[in-house]
Amino acid sequence: MLPALAPLPPDRRQSQTALAVARGTTRLLHQFGFSAVSELPLPSGRRADLVALDNAGAIWIVEIKSSVADFRADQKWMDYRAHCDRLFFATTLEVPCEIFPPDTGLIVADAFGAELKCEAPEHRLPAATRKSMLLRFGQTAALRLQALADPTGPYEWDR
């Protein structure tokens, strides 16, 4: 019999609203055939809220904005384009969709699900960048699973 896995420790970087949007958005991404990793450190030093990968190797980044103030205070999302094929914002019903850039996709979510409001334009990654992101995604996911199975082990995924 396998030992019970410990839950992931709370992240504490996100508000409860942002966590709810992430949960609903991840469910939608799964419906589209994507697996997602949250808070993935990028080669640029930034940290993406959600990075999603499908069976064909497509990489989407979803930047979560829980309020108008959150969107206005954070302009680092422009750097994420260099690490994905499509860039989306995810938000709540309370945030007006008009504030988001028209050249990104838009997802509206709550803790139970999400709806794709606007498709993101595709800008295919160069092969070397794709390989780097695939390795980062896979290694981070594997290390997080290993840390769940062995909570006192020497595993670090927060690079």
Side-chain angles (χ1 to χ4, degrees), residues 1-67 69-71 73-92 94-95 104-105 107-116 120 125-159:
M1 177 176 286
L2 294 173
L5 296 178
L8 282 172
D11 192 312
R12 304 206 197 294
R13 281 185 282 248
Q14 302 87 15
S15 67
Q16 288 301 313
T17 301
L19 291 171
V21 170
R23 179 179 165 191
T25 299
T26 301
R27 289 178 176 194
L28 178 70
L29 291 168
H30 180 73
Q31 290 174 1
F32 291 156
F34 283 81
S35 299
V37 171
S38 62
E39 296 297 323
L40 183 70
L42 300 174
S44 66
R46 301 281 189 205
R47 180 184 304 274
D49 292 332
L50 292 173
V51 176
L53 174 67
D54 74 1
N55 289 339
I59 298 171
W60 292 4
I61 290 182
V62 181
E63 175 68 0
I64 297 169
K65 295 297 170 200
S66 56
S67 67
D70 182 18
F71 175 73
D74 182 6
Q75 296 300 309
K76 69 182 182 298
W77 62 266
M78 291 177 254
D79 296 339
Y80 298 159
R81 283 194 194 278
H83 306 289
C84 63
D85 296 309
R86 295 181 192 257
L87 177 62
F88 292 83
F89 282 97
T91 192
T92 67
E94 291 77 29
V95 177
T104 60
I107 297 168
V108 175
D110 62 20
F112 304 102
E115 181 181 353
L116 181 64
L125 287 173
T129 304
R130 181 174 312 286
K131 180 179 178 182
S132 170
M133 286 298 295
L134 291 172
L135 289 171
R136 186 170 291 267
F137 186 98
Q139 289 174 325
T140 300
L143 286 170
R144 288 180 184 176
L145 283 173
Q146 189 60 37
L148 284 173
D150 181 7
T152 60
Y155 314 106
E156 270 188 55
W157 64 81
D158 199 20
R159 297 182 219 167

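Positions are given from 1, in the same order as the sequence printed here.
Within a 6.0 Å radius of CG in D74, more than 12 heavy atoms belonging to other residues, nucleotides or ligands are found.
Across all their heavy atoms, A114 and G24 have their closest contact at CB-O, 3.5 Å. Taking every heavy atom of both residues into account, A58 and D54 meet most closely at N-OD1, 2.8 Å. Considering all non-hydrogen atoms of both residues, A82 and L125 come closest at O-CD2, 3.5 Å. Between P41 and R47 the shortest heavy-atom distance is CG-NH1, 3.8 Å. The two atoms that bring H83 and T129 nearest to each other are CA-CG2, 4.5 Å, heavy atoms only. Across all their heavy atoms, V95 and S67 have their closest contact at CG2-CA, 3.7 Å.
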* Evaluate the criterion side chain to side chain contact (heavy atoms under 4.5 Å, CB included) for residue pair K76 and S44; output intermediate values, then yes/no. => CA-CA 11 Å; K76 69 182 182 298; S44 66; over 6 Å; no

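At a threshold of 4.5 Å between non-hydrogen side-chain atoms, the residues L134 and I59 count as touching. A 4.5 Å side-chain heavy-atom check between T92 and V21 finds at least one atom pair inside the cut-off.
Here E63 contributes atom CD and T91 contributes atom OG1; the two are 10.5 Å apart, rounded to the nearest 0.5 Å. With values rounded to the nearest 0.5 angstrom, T140 atom OG1 is found 10.0 Å from L135 atom CG. The structure places NZ of K65 at 4.0 Å from CG of D70, a figure rounded to the nearest 0.5 Å. One distance of note links CD1 of I61 with CE of M133; it measures 5.0 Å at 0.5 Å rounding. M78 CE to L87 CG: the interatomic distance, rounded to the nearest 0.5 Å, is 10.5 Å. For the atom pair CD (E94) and CG (D110), the distance works out to 9.0 Å, reported to the nearest 0.5 Å.
Only one option out of T25, L116, L50 pairs with F88 in a side-chain contact (heavy atoms from CB on, under 4.5 Å); it is L116.
Annotation: ring pair (Phe, Tyr, Trp, His ring centres under 6.0 Å) contacts of F89 (sequence neighbours excluded): F71, W77, F100. Every side-chain contact (heavy atoms from CB on, under 4.5 Å) that A141 has, sequence neighbours left out, goes to V37.
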Would you tabulate the side-chain donor-acceptor contacts of residues 27-35 under 3.5 Å, counting partners in other chains and residues two or more places apart, or write 'none'?
| from | atom 1 | to | atom 2 | distance (Å) |
| --- | --- | --- | --- | --- |
| R27 | NH1 | F112 | O | 3.2 |

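With hydrogens and angles ignored, the 3.5 Å screen pairs no side-chain donor or acceptor of S132 with any backbone N or O of A128. The backbone N or O of G105 lies less than 3.5 Å from no partner atom in the side chain of R86, so there is not a single donor-acceptor pair.
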